[in-house]
Amino acid sequence: MDEAQRQRLEETTRYDSSEVEGRIFDEWMEGGYFHPEADGSPEENFSVAIPPPNVTGVLHMGHALNGSMQDALVRMNRMRGRNTLWILGTDHAGIATQAVVEKDLRKEGKSRHDLGREAFVERVWEWKAEYGSRIVEQYKRLGASCDYERERFTLDEGYVKAVYRVFKQLFDKGYIYRDNYMVNWDPGSHSAISDLEVENREVEDVLYSIDYPVEGSEEVLTVATVRPETMLADTAVAVNPDDERYGHLVGEHVVLPLVGRRIPIIADEHVDIEFGTGALKITPGHDPNDFEIGRKHGLEEIGVIGPDGRMTEEAGKYAGLTAPEAQKAVVEALRTEGRLRAEEPYAHSVPFSHRSGERIEPLISLQWFCRMDELARPAIEAVERDEIHITPSQWKRVYLDWMSEIRPWCISRQLWWGHRIPVWYCDACEETIVAESTPKRCGACGGELRQEEDVLDTWFSSAIWPFATLGWPEDTPELRAFYPTSFLTTAREILFLWVARMIMTGLEFPGAIPFRAVYVHSVIQARDGRRMSKSLGTGIDPLEEIDVHGADALRFGLLAMSSTQDVRFSDAKVQQGRDLANKLWNASRLILLNTAEVEAAPRPSAVEDRWILSRLERTIASVTEKLEAYDFAHAVQEAYSFFWRDLCDWYLEIAKPRLYDGEEEVSATLLYTLERVLALLHPTMPFVTEEIWSFHPSHRGHLAVHAFPRAEESFFDEAAEADVEGGIRLTQRLRAWRDLAGVPAGAKLAAVIDGVEPPSFVSRLSRVEFDGIGAEPVASVGPVRVLDSDQLDASAVAERLENRRAELQAEVQRGERKLGNEGFVAKAPADVVEEERGKLERYRTELAELS
RNA sequence: GGGCGCGUAGCUCAGUGGGAGAGCGCUCGCUUCACACGCGAGAGGUCGCUGGUUCGAAACCAGCCGUGCCCACCA
């Protein structure tokens with residue numbers, strides 16, 4: 001520490017994160033600490049693939065929490081000397097990004113169709129170049145020690161190669177196929193989406209009962225529906241085969257009102273006899289259940305609603321109306337014809353697009369699918385056998401349950417931004433070619449080729465993130481050094497969407513699990529318990545928190561508030577983090593500005609030195625263990641408690657006289673303790689610890705690459721802990737006694753010791769002199785007999801005495817009752833009984849002394 | 001409909017078989033020479049309800065009430 005540094009330390013009584021963080025981050029980058037060479041094996045190295053944020057995204061609280069957790073483990077392992085890679089990148093986020101750019105275009109009064117595909121995609125790339133690095137910069141603000149030199153993007157040239165290789169191989173294996181099938185059509189993004197991108201919401205609809213006349217009979221079949229407009233596409237009415245009411249009608253026909261089409265009455269066990277009238281209209285073209293039933297019975301599939309959400313030509317006179325308009329018109333027409341038997345409010349859950357928020361329109365369309373069952377099998381085994389360990393453990397069950405019922409995945413999207421599906425069609429000979437790079441002409445007939453228009457689901461490319469980012473399918477040094485990665489932290493909402501798929505592709509392609517452990521973290525809710533969301537206005541911006549309180553404060557706060565269950569965002573915890581950073585700074589000032597010029601080393605010369613070293617090493621052991629078990633909340637709170645309570649409140653106060661005397665032993669011990677505390681806290685609070693480290697006499701390189709402490713068990717010292725903690729308790733009791741007896745804060749009390757001499761600090765910290773003479777004892781606090789003086793308020797002392805007596809009597813009663821219970825004495829473990837006896841003895845003795 | 005959670009101090013949360021904890025807030029007292037983003041001392045809880053198991057339950061079991069999330073094709 002030079003003169004300038006000393007001066008800065010002396011003058012700065014408050015830690016200012018905003019002055020420090022940018023500077024420190026630059027130093028780390030210049031040091032190149034986050035950019036490892038691709039050496040060594042995955043077993044000895046440590047690597048993490050960041051869940052790639054959307055390129056359109058801005059850092060939200062989920063990223064901040066997830067990043068804080070990953071960085072804590074990444075930094076700890078880097079400090080342990082492991083070759084550590086935290087790979088970062090962004091996801092092209094097909095729908096989201098396309099939507100952003102289309103919105104821009106609309107402001108210019110244009111649509112993507114005005115530009116044409118090529119120009120539009122070009123435009124998205126321009127947008128990406130300008131805004132795509134925003135979130136990466138925001139991760140830097142958090143202090144995330146990612147390898148920013150290896151940043152990847154899911155549409156990088158190399159990444160596209162990986163995606164195409166995967167597509168081709170899955171196609172060749174027969175897993176990927178094209179089919180006319182019912183899909184979730186999202187009218188908002190104008191694309192099919194997968195089952196996982198659909199969310200069900202409770203909706204108040206109207207349930208309409210409609211009479212369908214039975215052909216050649218006076219009977220009617222009444223069906224119930226919330227979507228009467230789809231009746232235009234009905235191709236059957238189904239009843240349960242066991243339904244005695246309708247047995248005679250199966251095989252007959254009804255005449256579809258408004259349409260006049262003759263449709264059969266069929267029997268299918270899917271129909272619930274109890275629901276409504278027990279007759280179900282079948283619309284294979286617009287309902288997933290009806291679709292299944294229709295395929296089973298070979299029914300015609302009619303589509304009356306088009307991809308634009310409007311009625312098609314098939315809908316006859318309703319063509320051109322939107323579905324809701326058609327619904328109104330159909331209901332009106334049915335009413336006029338007297339076919340509408342009933343309408344009643346009906347609450348049920350309805351699928352909505354997770355992307356656009358619009359109500360899903362089930363449609364039959366020609367899409368690409370991927371069969372998942374074969375891919376799932378090894379992915380199930382890997383988790384069952386704990387080759388991939390999921391924490392908290394209940395998510396293992398959830399994962400396995402979902403995987404065991406996995407269904408085909410619709411992987412095509414009717415978008416322009418994304419990986420265009422590597423399939424080419426020859427119109428001349430109807431050949432379909434799947435290739436990893438663009439073929440020139442049709443291999444069969446030499447004809448012109450036309451590429452599939454659709455792109456792949458964004459999650460198809462994120463599914464290969466852990467190995468595609470390392471250069472697969474090439475055999476790169478990165479892949480050899482860092483795959484499989486060490487662990488993955490994630491929000492549970494993408495357990496299926498992403499995590500499960502990475503496991504499947506990892507096992508299928510590189511042939512190994514993508515990570516050894518998965519940690520599912522809590523969701524941080526808004527302060528009021530609602531979910532944080534932009535649309536609700538409940539979001540809390542992590543960058544604002546960083547601006548105001550510092551990245552360290554936010555990181556500490558998020559880790560401290562995290563849990564295995566969802567938690568509400570706690571400003572208090574962030575503030576606790578900020579206070580901790582400030583306290584670290586000031587405790588360090590006390591130490592660094594007052595220690596003698598000695599080497600940092602454990603040099604205990606008093607019982608309190610042995611105590612603090614014991615507590616330090618125990619804390620290191622415990623915090624490390626908790627970090628490794630992903631128990632971040634307890635890890636940081638335990639470190640906090642050791643530093644603030646043990647080190648600052650007690651040890652520093654006890655050690656001050658020796659420190660000011662320039663004693664070498666205490667200086668060495670303090671510098672040693674500080675060094676280890678800084679290193680221990682660095683993974684969670686990297687900035688403030690790095691900044692303080694630059695003033696520490698042991699400082700050589702940066703703390704980011706300094707050794708992480710390993711607990712020295714030889715310093716564990718139960719005897720010293722018992723002595724000092726006894727002294728602490730006595731000090732606290734004396735202080736409390738003074739306070740309650742009305743003694744002025746600054747006054748010194750006279751007393752004598754009756755019994756074992758307490759540790760020497762007790763007298764100073766409690767402001768009680770133990771060499772009093774003359775006056776009469778007026779009270780006992782443990783072994784201390786407080787002597788009478790004019791500092792004492794006689795009535796307060798008497799009251800205090802009376803209160804204590806009452807307390808003790810209650811305690812004695814409790815003990816006697818417990819030990820008088822024969823069952824307890826006979827059945828409780830001996831040590832528990834012994835402890836009870838000891839306590840009772842002590843309380844009786846003290847009570848006797850008071851009388 | 002199935003599954004998984006949660007209900008502990010005013011607030012946010014720990015605690016999983018032997019006398020209720022933390023942070024914040026609150027009260028009282030401190031310009032004590034690192035820090036008022038501080039120091040010292042306090043108040044505050046029949047651990048959702050009812051039964052059960054146990055010598056002993058906040059914790060284990062059952063039921064109920066309240067609440068959240070995930071999955072699911074009853075129109």
Side-chain angles (χ1 to χ4, degrees), chain A residues 9-10 13-15 182 200 207-208 223-227 230 238 270-272 274-283 287-293 346 348-349 351 362 392 394-395 397-398 401-402 405 492-493 495-496 523 525 527 529 531 549 553 557 560-561 563-573 575-594 633-634 637 640-641 648-649 652-653 656 660 731-732 735-740 742-746 765-767 811 814-815 818 821-829 831-833 835-836 839:
Chain A
L9 209 50
E10 272 168 3
T13 60
R14 188 174 287 204
Y15 174 71
M182 172 131 304
N200 291 300
L207 185 65
Y208 298 93
V223 299
T225 179
V226 293
R227 302 207 55 194
T230 63
H270 168 80
V271 180
D272 183 351
E274 307 293 321
F275 190 92
T277 58
L280 174 62
K281 72 193 260 308
I282 303 296
T283 321
D287 182 277
N289 299 316
D290 296 3
F291 176 79
E292 298 289 340
I293 294 172
Y346 184 67
H348 64 146
S349 74
Q394 66 255 34
W395 297 106
R397 191 75 257 156
V398 174
D401 286 349
W402 184 77
E405 285 176 32
R492 58 165 178 267
E493 63 192 29
L495 194 59
F496 308 141
V523 173
Q525 301 167 331
R527 292 175 249 258
R531 55 177 292 124
H549 302 298
M561 74 183 86
S563 165
T564 53
Q565 59 165 317
D566 292 351
V567 288
R568 300 176 184 208
F569 184 79
S570 163
D571 297 285
K573 285 282 190 292
Q575 217 144 117
Q576 191 183 351
R578 183 201 58 177
D579 293 349
L580 175 58
N582 188 243
K583 188 82 171 174
L584 276 166
W585 174 255
N586 279 296
S588 301
R589 287 176 61 228
L590 172 68
I591 294 169
L592 296 171
L593 290 170
N594 292 286
H634 291 108
Q637 296 192 70
Y640 171 93
S641 163
C648 293
D649 288 354
L652 289 180
E653 293 305 328
K656 264 178 188 173
Y660 290 142
T731 304
Q732 287 173 321
R735 285 167 171 172
W737 187 90
R738 293 172 53 113
D739 220 42
L740 292 167
V743 180
L765 295 186
S766 61
R767 298 190 181 226
E811 291 294 353
R814 190 195 141 272
K818 193 151 194 179
N821 178 345
E822 283 171 33
F824 175 74
V825 179
K827 297 191 179 174
D831 56 323
V832 175
V833 177
E835 206 186 309
E836 260 336 295
K839 277 190 287 193

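Every chain is numbered from 1, with letters handed out A, B, ... down the list of sequences. In this text the structure is predicted, and so the values were computed from the model without any measurement.
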Nearest-nucleotide comparison on RNA chain B, the residue closer to the 5′ end among A/His634 and A/Thr731: A/His634

Check: A/Glu10 side chain, B/A34 base, donor-acceptor under 3.5 Å: no

Under 3.5 Å donor-acceptor pair, A/Arg735 side-chain atoms to B/G40 base atoms: no

Which of the following nucleotides, [options], is nearest to the side chain of [X]?
{"X": "A/Lys839", "options": "B/C73, B/G23, B/G19", "value": "B/G19"}
{"X": "A/Arg589", "options": "B/A34, B/C70, B/C37", "value": "B/A34"}
{"X": "A/Lys583", "options": "B/C73, B/C39, B/C13", "value": "B/C39"}
{"X": "A/Phe496", "options": "B/A75, B/C55, B/C71", "value": "B/C71"}
{"X": "A/Gln732", "options": "B/A75, B/A41, B/A72", "value": "B/A41"}
{"X": "A/Leu280", "options": "B/C55, B/C74, B/A75", "value": "B/A75"}
{"X": "A/Arg568", "options": "B/U12, B/A22, B/C35", "value": "B/U12"}
{"X": "A/Val832", "options": "B/G18, B/C55, B/G42", "value": "B/G18"}
{"X": "A/Gln565", "options": "B/C28, B/C39, B/C13", "value": "B/C13"}

Touch class at under 4.0 angstrom, heavy-atom based, for A/Ala828 against every strand present: base

Sugar-phosphate, base or nothing in reach of A/Thr283, heavy atoms under 4.0 Å: nothing

Any A/Tyr346 side-chain N or O less than 4.0 Å from OP1/OP2 of B/A75: yes

